[in-house]
Amino acid sequence: MMIKVIIVDDHQMVRRGLRFFLDTQNDIEIVGEAANGEEAVKLVQTVRPDVVLMDIVMPVMSGIEATKQLIKVNPELKILVLTSFSDQDYVIPALKAGASGYQLKDIDPEELAETIRALHAGESKVHSKVMKYVLTRITHKVDEEEAKVNRLTKREKEVLIELAKGRSNKELADVLHITEKTVKTHISNILSKLELSDRTQAALFAMRMGLK
């Protein structure tokens, strides 16, 4: 099965070099090229690739903005950021935008081909030089969420745990032997401390944090 790929880069020589190598792969087919993000968005709609090789810094529209637009329309599309920039100012926004992988242009050609295959198979691939930013971001997010949990009182944690079980306010009141008015007050405080907008988000938060 051929993996359909488009190359997005504002430098023609880079596009030509990538095409020259990838054309040698029996299972990869280059179905188009684009010189900026705007062209990429239009091209994807036309040729419907499996994987997009996306540069970041380009005129007209950046690779990050193009990634956001493409993933919004097609969440299943695999986008591999291929760039010279390895600092977190580019790495984190690109991954948040929906990129499935992030590689640097000094990558070995054979490794690039394997990365394309891995993304097509549903894996995520991030260059070892930028992995530290990903790990730092994940750790920071976990620390932030744990800090939010620690803001809750013992009773608020109990309410949150029962909330995650799908209980109504009346059921919460019965289980915890408090009034419905008190339940509403606790839920309001929980949402405020966890910086969430509704009880569904609170329930999902509790399950994600493994509260029980």
Side-chain angles (χ1 to χ4, degrees), residues 1-25 27-141:
M1 180 178 176
M2 297 295 286
I3 303 172
K4 296 190 295 182
V5 175
I6 70 169
I7 301 169
V8 186
D9 197 292
D10 59 327
H11 292 100
Q12 185 178 6
M13 288 301 294
V14 172
R15 298 199 306 272
R16 184 176 297 176
L18 289 170
R19 178 184 279 273
F20 181 79
F21 168 71
L22 293 174
D23 276 342
T24 67
Q25 304 299 301
D27 57 344
I28 296 176
E29 178 187 6
I30 305 303
V31 293
E33 297 179 18
N36 59 63
E38 187 176 274
E39 288 183 10
V41 171
K42 294 177 181 177
L43 183 61
V44 167
Q45 295 172 356
T46 304
V47 301
R48 300 188 179 281
D50 300 306
V51 179
V52 177
L53 302 188
M54 183 77 77
D55 191 15
I56 285 186
V57 180
M58 296 180 289
V60 185
M61 181 187 291
S62 72
I64 292 174
E65 180 57 33
T67 297
K68 287 180 184 177
Q69 292 192 22
L70 289 170
I71 293 299
K72 186 176 181 179
V73 175
N74 182 8
E76 300 302 315
L77 181 64
K78 307 302 181 184
I79 297 180
L80 173 62
V81 170
L82 190 60
T83 179
S84 302
F85 300 98
S86 62
D87 56 288
Q88 61 182 338
D89 291 338
Y90 294 101
V91 177
I92 301 304
L95 296 177
K96 285 180 69 176
S100 301
Y102 194 108
Q103 293 288 359
L104 302 182
K105 287 180 178 177
D106 62 0
I107 187 174
D108 180 80
E110 291 295 340
E111 187 179 350
L112 174 60
E114 287 304 317
T115 298
I116 291 171
R117 295 183 183 104
L119 260 66
H120 185 244
E123 299 177 32
S124 295
K125 289 286 185 177
V126 178
H127 195 287
S128 58
K129 288 183 181 179
V130 303
M131 181 58 79
K132 62 180 179 179
Y133 300 128
V134 179
L135 296 176
T136 298
R137 179 170 178 263
I138 293 172
T139 302
H140 181 63
K141 184 175 181 180

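Computed from a predicted structure; not experimentally measured. Because only heavy atoms are used, hydrogens play no part in the values below, and waters and symmetry mates are left out as well, while side chains stay in.
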_So, using side-chain hydrogen bond (donor to acceptor under 3.5 Å, both in side chains) as the criterion, who are the partners of Glu123 when residues are at least two apart?_
none
*State, with a plain yes or no, whether a side-chain heavy atom of Leu82 is found less than 4.5 Å away from one of Lys105.*
yes
*Looking at Glu114 and Arg117, does any basic side-chain N land under 4.0 Å from a carboxylate oxygen?*
yes
*So, for Pro49 and Val52, which heavy atoms are closest and what is the spacing to 0.1 Å?*
CG-CG2, 4.0 Å
*Is there a side-chain contact between Val5 and Leu18, using heavy atoms and a 4.5 Å cut-off?*
no
_Residue pairs passing the side chain to side chain donor-acceptor pair (under 3.5 Å) test where at least one lies in residues 50-65, sequence neighbours excluded_ = Glu65-Gln69
*Between Pro109 and Phe21, which heavy-atom pair has the shortest distance, and what is it?*
O-CE2, 2.9 Å
*For residues 50-96, which residue pairs qualify under ring pair (Phe, Tyr, Trp, His ring centres under 6.0 Å), counting only residues two or more places apart or in two chains?*
Phe85-Tyr90
*Minimum side-chain heavy-atom gap Gln45-Val41 below 4.5 Å*: yes
*Please tell me if the side chains of Lys68 and Lys72 come closer than 4.5 Å, counting only heavy atoms from C-beta onward.*
no
*Would a 4.5 Å heavy-atom cut-off, applied to side chains only, mark Ile56 and Ile64 as touching?*
yes
*For atom CZ of Phe20, decide whether the heavy atoms of other residues, nucleotides or ligands shown that lie under 6.0 angstrom number more than 12.*
no
*State whether the number of non-hydrogen atoms from other residues, nucleotides or ligands found under 6.0 Å of Arg48 atom CZ is greater than 12.*
no
*Of all heavy-atom pairs between Met54 and Ala66, which one has the smallest distance, and what is that distance?*
CE-CB, 3.8 Å
*State, yes or no, whether a side-chain contact exists between Lys125 and Leu80 at a heavy-atom distance under 4.5 Å.*
no
